[in-house]
> 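Got a structure here, written out as structure tokens. Questions coming.
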Amino acid sequence: QAHGLPLVESYMASSPWIAAGIFLVDIGKDVSPVDRAIVSLFKKHDIPILLVLNKDDKIIDRNHRMERIQRIRKDLRWPKEYPHVRYTSFTSNRSSKNQRVSRI
């Protein structure tokens with residue numbers, strides 16, 4: 001829902017010290033109109049943004065993962081020069097937590 005968008009836009013407009021943003025998207029979910037609206041706010045206020053595709057471990061097949069990345073970037077109208085990273089947090093055993101970040 002877009003209820004919080006006016007608050008987000010007001011904050012961006014009144015906070016010139018914002019140097020950059022991080023936008024998290026579940027790689028397994030489709031982009032929503034609210035997602036697109038938030039990205040457009042970052043662009044409108046000239047705030048650099050990094051796209052982080054999380055839950056990367058949920059997509060086992062490499063081709064399917066690349067299709068999801070391309071679909072999300074397209075649906076967000078993500079410019080080619082804007083970066084993205086893939087992130088996952090997974091457990092190799094019960095006592096330790098591992099994290100993996102991949103940049104593409």
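In what follows, every heavy atom counts, from backbone to side chain, and hydrogens, waters and symmetry copies are set aside.
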> Say whether, by atom type as modelled, one donor and one acceptor occur between the side chain of Arg65 and the main chain of Ile59 under 3.5 angstrom.
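Yes: the side chain of Arg65 pairs with the backbone of Ile59.
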
> Which residues pass the salt bridge (charged side-chain N to carboxylate O under 4.0 Å, His left out) test with Asp26, sequence neighbours left out?
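With sequence neighbours excluded, Asp26 shows a salt bridge (charged side-chain N to carboxylate O under 4.0 Å, His left out) to Lys55, given in chain and number order.
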
> Passes side-chain contact (heavy atoms from CB on, under 4.5 Å), His84 versus Leu53? Steps please.
CA-CA 7 Å; His84 74 267; Leu53 302 168; 3.8 Å; yes

> How about Lys43: does its NZ atom have over 12 heavy atoms from other parts shown lying under 6.0 Å from it?
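Counting other residues, nucleotides and ligands, NZ of Lys43 exceeds 12 neighbours.
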
> Compare every heavy atom of Pro48 with every heavy atom of Ala19, then report the nearest pair and how far apart it is.
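Heavy atoms of Ala19 and Pro48 come nearest at O-CD, 3.4 Å.
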
> Who are the salt bridge (charged side-chain N to carboxylate O under 4.0 Å, His left out) partners of Arg36, not counting sequence neighbours?
none

> Thinking salt bridges, do Asp75 and Arg71 make one under a 4.0 Å N-O criterion?
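Salt bridge between Asp75 and Arg71, a charged N being under 4.0 Å from a carboxylate O: yes.
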
> Check Arg73 against Pro83 and note the closest heavy-atom contact, atom names and distance.
NH1-C, 4.0 Å

> Rounded at 0.5 Å granularity, tell me how far CG in Leu76 sits from CG in Leu51.
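So the gap between those two atoms works out to 6.0 Å.
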
> Provide the closest heavy-atom pair for Arg68 versus Asp30 in the form atom of the first, atom of the second, distance.
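Closest pair (atom of Arg68, atom of Asp30, distance): NH1-OD1, 3.3 Å.
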
> Has the side chain of Ser15 got a donor or acceptor atom that lies under 3.5 Å from a matching backbone atom of Tyr11?
yes

> Once rounded to the nearest 0.5 Å, what's the spacing between atom CD1 of Ile38 and atom CZ of Phe23?
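Interatomic distance, Ile38 CD1 to Phe23 CZ, rounded to 0.5 Å: 5.0 Å.
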
> So does Asp35 get a backbone contact from the side chain of Ser32, meaning a donor-acceptor N/O pair under 3.5 Å?
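Side chain of Ser32 to backbone of Asp35: a pair is present.
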
> Give a yes-or-no answer on whether the side chains of Asp57 and Thr88 include a donor-acceptor pair shorter than 3.5 Å.
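Side chains of Asp57 and Thr88: pair found under 3.5 Å.
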
> Provide the closest heavy-atom pair for Gly21 versus Ile47 in the form atom of the first, atom of the second, distance.
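Residues Gly21 and Ile47, closest heavy atoms: N-CG2, 4.0 Å.
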
> Mind jotting down which residue pairs meet the ring-ring contact (aromatic ring centres under 6.0 Å, His included) criterion with at least one end in residues 59-80? Sequence neighbours excluded, please.
Trp78-Tyr82

> To the nearest 0.5 Å, tell me how far Ile27 CD1 sits from Ile72 CD1.
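With rounding to 0.5 Å, CD1 (Ile27) is 5.5 Å from CD1 (Ile72).
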
> Please determine whether residues Trp17 and Leu41 belong to a single hydrophobic cluster, defined as Ile, Leu, Val, Met, Phe, Trp and Tyr linked transitively by side-chain heavy-atom distances below 4.5 Å.
yes

> Check step by step if side-chain contact (heavy atoms from CB on, under 4.5 Å) holds for Glu9 and His45.
CA-CA 9 Å; Glu9 180 161 22; His45 294 285; 3.6 Å; yes

> Answer yes or no: is there a donor N or O on one side and an acceptor on the other, between the side chain of Ser40 and the main chain of Ala37, under 3.5 Å?
yes

